[in-house]
Amino acid sequence: MKRFKKKNVKSINEEKELIKFLSSVALFENLTHNERKNLRQYIYVRNFKAGEQVFKRGYPNVICYIVKEGELNVYLDIEDKSHILNTLCPFDFFGEIGLFLDKERTASAVAVKDSVLLGLSKKDLANFIDRFPRAGIKILYKFGEILSEHIIKLNKELIEGREG
Amino acid sequence: MVIERAKVIKWLIFAICVALTVAAILFYRFIISYLIVAFIISYLLSPIINYAEKYHIPRTLSILIVYLVIAMLIVLMIYVVIPQIRDQVIDFSNNFKELLKNPEALSLKSLGLEKISNSIDQLAARFPFLEIEKYKSVVSGKLVKLLEQIPQILFKSISSIINIFAFLIIVPVVCFFMLRDERVFLRNIFSKISNRYFEFCLHLFEKIEESFGKFFRALLLETVLVAFMSVIGLLILGIPYALILGIIVGLANPIKYFGPFIGAVPTVLVILIGPTPDIYLLYITIMFFIVQQIDSLILFPWLVGRSIDMHPLLVLLTVIAGGYAFGILGMLFAVPVVFLIKTIVQVSAKSLKQFEII
């Protein structure tokens, strides 16, 4: 009984920590506590060991990940050479294209350190938006904001590249 | 000879796992059917609960409300519908017994098939060595026995009270937890899958849910609606035993191609045997035709959206094969089961390649 209780307390703490973590992810920062609790129901927690492949280029794009702990590399294999495109740290998300388009993965991802990822699939996001439209709109708005910023950044880089 | 120890241990553990699984299935075999029923019910109810969640009604509350509604429907059934069905069944079986008392009544003549009866008589007259009379009596004797057993079988299966009691307690309780903690169950199942296969399994699950789940839910709703329309049609025409006959029509409806005909057989028999004038055969044919047209032109496109992705010929052969193997129930479940397997195979073949597992 005691052991059971201990385990229970641990898992409750883990849940609390996870929901707290969600509030510090840019994507979900506008959500209320209850909305985050509801969102948590749709999130898969995945543990990856260092060196483990998360996905490869060409896989169906079913799920978007948010880095909770650890470090990952996003890379592209071009002619037997892997080019690292991006290094992901906690609070970053990747695979978001799959939430909007039915496209295959455009790059591969591998865990550099032991990592904990939170997965949210396209279908679950659709279900979440359907069931909690207010919270869903907040997430989508934030998505638009982040992607717009990304475009501005890319545009800047493009202009700088031309000038330089 | 050196046998690799690790391999032996691996196989041993595998064998133990298989043995444990088999033992568990044997141990829980009485419960498994309940679990399946509970799963199907919660699968059907889950859209309602999810819809309620949209309006900030907590899951527990909405499940309880749905249970209350169902309980009220059951009470209504017990007080209004069941006595009627019981009366109708008893009436029906009494009529049959009356019929069976004089064997002449059940001869082909009484079923209105005089021509066939006449031709058989002619046959007997022409070829006396065939001893057709003997066959006739054997066949009608068997038929009589079979018909006498029907009410008994019905009541026997109903009267196993303990079973029903267990059913009434287990199914709602399991349903409740399945509905309330739907996501938790799902997450727990997926958390057991290793990283390599996680995305593949999720993809497979979502695809199957998409194509089969929708189809299955729509099919059940369609059954209910067709039964409802048939009952109303039969009541309007004033056919006796309208309730049972209509429900049979609805239940047989999901059987592709044959369903409407199988479902109509009891109605036709009731009209032929009972006091209803034979002209009603024409009326019910028209009525069933209208119901079928409403079903296939309005209900099916509305509920299922598009026809299932199976060639009509394959559907036809599947229904016939199901009928050969498991009778009417086989005909009913053959197409959904084959469709499910086909979907699983198709989707997994494609995504196994995409995920570079094979």
Side-chain angles (χ1 to χ4, degrees), chain A residues 11 14-15 18 32 34-35 37-65 72 95 98 102-105 108-111 114-136, chain B residues 43 46-63 177-214 346-358:
Chain A
S11 69
E14 265 173 19
E15 286 295 298
L18 185 63
T32 64
N34 260 345
E35 288 168 342
K37 253 185 173 169
N38 288 329
L39 180 68
R40 194 273 167 261
Q41 297 298 323
Y42 295 82
I43 285 177
Y44 299 100
V45 181
R46 308 296 306 175
N47 293 298
F48 285 86
K49 291 219 168 67
E52 213 177 337
Q53 194 83 36
V54 181
F55 54 74
K56 278 187 187 163
R57 189 183 169 185
Y59 284 12
N61 208 337
V62 283
I63 192 163
C64 161
Y65 290 106
L72 297 105
D102 253 337
K103 285 211 167 143
E104 292 160 352
R105 300 275 189 201
S108 312
V110 65
D114 286 359
S115 313
V116 180
L117 303 181
L118 308 180
L120 178 63
S121 83
K122 179 184 185 179
K123 208 161 171 220
D124 285 338
L125 181 67
N127 284 338
F128 179 78
I129 292 170
D130 187 38
R131 265 166 240 173
F132 307 101
R134 273 170 164 275
Chain B
Y43 194 77
S46 108
I48 302 174
I49 310 298
N50 289 337
Y51 187 76
E53 213 170 17
K54 213 177 192 169
Y55 297 99
H56 304 289
I57 302 169
R59 289 185 85 84
T60 316
L61 183 67
S62 54
I63 295 167
F177 285 110
M178 275 186 181
L179 280 171
R180 200 194 65 174
D181 300 332
E182 188 183 83
R183 300 295 316 181
V184 178
F185 279 116
L186 214 63
R187 276 198 339 249
N188 274 332
I189 293 168
F190 276 112
S191 72
K192 302 286 182 289
I193 300 168
S194 71
N195 286 334
R196 178 74 184 90
Y197 301 109
F198 167 69
E199 285 194 5
F200 165 71
C201 290
L202 193 68
H203 188 59
L204 197 67
F205 171 76
E206 286 180 350
K207 284 275 175 207
I208 289 165
E209 230 276 326
E210 208 175 274
S211 59
F212 181 74
K214 212 175 145 200
Q346 252 176 357
V347 173
S348 55
K350 197 179 163 203
S351 41
L352 274 171
K353 256 181 222 153
Q354 281 178 320
F355 282 105
E356 294 177 353
I357 292 169
I358 50 169

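So you know, we letter chains A, B, ... as the sequences are listed, proteins then strands, and number each from 1.
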**Item:** A:N47 versus chain B, the contacting section by heavy-atom distance below 4.5 Å
**Value:** backbone
**Message:** Has B:N195 got a side-chain atom pairing as donor or acceptor with A:Q53's backbone, closer than 3.5 angstrom?
**Reply:** no
**Item:** B:F198 side chain near A:R46 side chain, heavy-atom distance below 4.5 Å
**Value:** yes
**Request:** Check whether any side-chain heavy atom of A:Y59 lies under 4.5 Å from a side-chain heavy atom of B:Q354, and answer yes or no.
**Result:** no
**Asked** Does NZ in B:K353 sit with more than 12 non-hydrogen atoms of other residues, nucleotides or ligands closer than 6.0 Å?
**Response** no
**Message:** With a 4.5 Å cut-off on side-chain heavy atoms, are B:R196 and A:E52 touching?
**Reply:** no
**Item:** Contacting moiety of A:P60, where chain B heavy atoms sit under 4.5 Å
**Value:** both
**Request:** Check for a donor-acceptor pair, side chain of B:R183 on one end and backbone N or O of A:Q41 on the other, with a separation under 3.5 Å.
**Result:** yes
**Pair B:E199 + A:K56: basic N to acidic O under 4.0 Å** = no
**Prompt:** Can you name the nearest heavy-atom pair linking B:E206 to A:S121, along with the distance?
**Reply:** OE2-OG, 2.7 Å
**Message:** Measuring from atom NZ of B:K54 to atom CZ of A:R131, what distance do you get when rounded to the nearest 0.5 angstrom?
**Reply:** 10.0 Å
**Fill in**
Turns out that what part of A:F48 lies under 4.5 Å from chain B's heavy atoms comes down to both
**Message:** For B:N188, I'd like to know if atom CG has over 12 heavy atoms of other residues, nucleotides or ligands within 6.0 Å.
**Reply:** yes
**Message:** Tell me if the CZ atom of B:F185 is crowded by more than 12 foreign heavy atoms within 6.0 Å.
**Reply:** yes
**Item:** Flag if over 12 foreign heavy atoms under 6.0 Å of NZ, B:K207
**Value:** no
**Prompt:** Given that the side chain runs from C-beta out, which part of A:Y65 has a heavy atom under 4.5 Å from chain B: side chain, backbone, both or neither?
**Reply:** side chain
**Asked** Taking the six-membered ring of A:Y44 as reference, does the NZ or CZ atom of B:R187 fall below 6.0 Å from its centre and within a 45° cone about the axis?
**Response** no
